[in-house]
A.B. asks: 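Take this structure, written in structure tokens, and hold onto it; I'll ask about it next.
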There are 2 protein chains.
Amino acid sequence: MHHMTIAPKHTLFSQGDEAISLYTITSGTLRLHYDLPDGRRQIVGFAIPGDFLGLSLDPRFGITADALTEVSLCRFERARFMNLIERHPNMMRKMHEVASHELAIAQEHMVVLGRRRAEERVASFLLKWWHRLKRIQGASPTVPLPMGRQDIADHLGLTIETVSRTLARWMRERIILDVPDGVRILDAARLEELLGN
Amino acid sequence: MHHMTIAPKHTLFSQGDEAISLYTITSGTLRLHYDLPDGRRQIVGFAIPGDFLGLSLDPRFGITADALTEVSLCRFERARFMNLIERHPNMMRKMHEVASHELAIAQEHMVVLGRRRAEERVASFLLKWWHRLKRIQGASPTVPLPMGRQDIADHLGLTIETVSRTLARWMRERIILDVPDGVRILDAARLEELLGN
DNA sequence: CGATATCTTGAGCATTTTCAATAGTAGTGG
DNA sequence: CCACTACTATTGAAAATGCTCAAGATATCG
């Protein structure tokens, strides 16, 4: 095991790389994305402290991970880690739990991408990100957004313009407030309403 | 363990149901979907012989599974199966392998939903389904499509009309041929071209 | 402080959806 | 066996959501 740090905009691993390591994040945010040959990009998720990367048993990474902020993480050599697992059977159980939870998250995101309109997608993202941060940073109406507008767009299958316009409208309607490096949620109920629940 | 059969259009389990069982499919096709309260539906995948359902350790199913054709499967009681696993440690490893492979599939589908245009989505679906069947039915240019047009649309985040029009155009262009309960692929290269590879 | 990135905003446009009408297909009962 | 019903698929035309293009504003960083 080995502590390490990567700087913003630096890549931890790329799709196709040999998956010789495995990571857990201790601070910072990463973007996980799949890139098409023509430059189109789909961000499949963002990784935050407590998340694991490289849990799959695939010999190669299917996605690229790069840092949005300064990121601290622990690196484990894959082979060594697998050895450790042999001697701790319910460790594998835990890994499977994490992986199948991620699958559930992925399936929910498919609904967002396949069946939600633009405004719903942005609302879904903001609320989910907010709740996710709540569990590690505690409750607060202020939501840091370390990712840029283009990143949000690439996560939601939209363009940067659509994301920008949607957030701008919500600011005019006092649903959210612009704060440095994020937004403050003024009317969460209104956002949930948009999702039809 | 218990063999069973379900008839077309019948539901194996619904989202929110207690996940007391676990299944492996021996014949037939199922659709796995997530339903929004307003009726919109996202099909997250189709299950075919050899696939497992309910591998997640979640106490409830996140999705609904219903039969497109007559389906035969083996049901395992969850608790009993978990017991079995305790005594066969590399069984859990296998489960994790399957789950993390499904996660990779899900992430690839996110790219389709988020960043592909309509024609690319249909091409991606046809080719992937074709290759998947090839592994269990052997190579053949004829692709059975047990799912309806609406199912394909709900899988690809499109409308039934867009799917229908796309397939109709490909038939006119002799890229595919209409056959009962499926299509025959006449020009696979052309479909792959559409995906830009 | 100038240069480069990112973001915002507007206007026109295109892809895909919506709406509507028709055609095909399967199952049911006279 | 055929009419009747219900469901699914096809096709066209109009509409709309979100995209593209372009310009300006704001922020970031040596």
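Quick note on labels: first sequence line is chain A, next is B, and so on, each numbered from 1.
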A.B. asks: Counting Watson-Crick and G-U wobble pairs only, both distances under 3.5 Å, name the nucleotide matched with D:dT26, or none.
C.D. replies: none
A.B. asks: Using heavy atoms to find the nearest nucleotide of DNA chain D for B:R117 and B:M171 separately, return the residue whose nucleotide is more 5′.
C.D. replies: B:M171
A.B. asks: For B:T159 and C:dT16, is the shortest distance between a side-chain N/O and OP1 or OP2 below 4.0 Å?
C.D. replies: no
A.B. asks: Any idea which of D:dT17, D:dC19, C:dT16 is nearest the A:R165 side chain?
C.D. replies: D:dC19
A.B. asks: Between A:T162 and D:dC19, is there a contact of a side-chain N or O with OP1 or OP2 at under 4.0 Å?
C.D. replies: yes
A.B. asks: Which nucleotide in the list C:dC7, D:dA22, D:dG18 gets nearest to the side chain of A:E161?
C.D. replies: D:dA22
A.B. asks: A:H155 and ring-ring contact (aromatic ring centres under 6.0 Å, His included): which single residue from A:Y34, A:F46, A:W129 fits?
C.D. replies: A:F46
A.B. asks: Would you list the atom pairs, donor with acceptor, under 3.5 Å between side chains in residues 171-194 of chain A and any protein atom, with sequence neighbours excluded?
C.D. replies:
from, atom 1, to, atom 2, distance (Å)
A:R184, NE, A:T142, OG1, 3.4
A:R184, NH2, A:T142, OG1, 3.1
A:D187, OD1, A:R190, N, 3.2

A.B. asks: From CZ of B:R149 over to P of C:dA23, roughly how many Å is that when rounded to an integer?
C.D. replies: 19 Å
A.B. asks: Rounded to the nearest angstrom, tell me the gap between atom CG in A:D178 and atom P in D:dA25.
C.D. replies: 18 Å
A.B. asks: Looking at A:M4, I want to see if its CE is surrounded by more than 12 non-hydrogen atoms of other residues, nucleotides or ligands under 6.0 Å.
C.D. replies: yes
A.B. asks: Measure CZ/B:R172 against P/D:dT10 and give the value in whole Å, please.
C.D. replies: 11 Å
A.B. asks: Starting at CD1 of A:I152 and ending at P of C:dT8, how long is that distance when rounded to a whole Å?
C.D. replies: 9 Å
A.B. asks: Pick the closest DNA chain C nucleotide for A:R169 and for A:R115 by heavy atoms, then say which residue is nearer the 5' end.
C.D. replies: A:R169
A.B. asks: Rounded to whole angstrom units, what separation is found between the CG atom of B:L167 and the P atom of D:dT10?
C.D. replies: 7 Å
A.B. asks: OP1 or OP2 of D:dC7 versus the side-chain N and O atoms of B:K9: is any pair under 4.0 Å?
C.D. replies: no
A.B. asks: Whole angstrom is fine here: how far is it from CD in A:E119 over to P in D:dC19?
C.D. replies: 14 Å
A.B. asks: Identify whether the distance between the nearest side-chain nitrogen and carboxylate oxygen of B:R165 and B:E161 falls below 4.0 Å.
C.D. replies: no
A.B. asks: Would you say A:S21 and A:R75 are linked by a side-chain donor-acceptor pair, where the criterion is simply a distance under 3.5 Å?
C.D. replies: yes
A.B. asks: In whole angstroms, how far is the C1' atom of C:dA20 from the CD1 atom of B:I160?
C.D. replies: 14 Å
A.B. asks: Rounded to the nearest Å, what distance is computed from the CG atom of residue A:D181 to the P atom of nucleotide C:dT6?
C.D. replies: 14 Å
A.B. asks: B:S164 has a side chain; which of D:dT11, C:dT16, D:dT28 sits nearest to it?
C.D. replies: D:dT11
A.B. asks: Pull up the glycosidic torsion of C:dA5 and say syn or anti, syn being anything within 90° of 0.
C.D. replies: syn
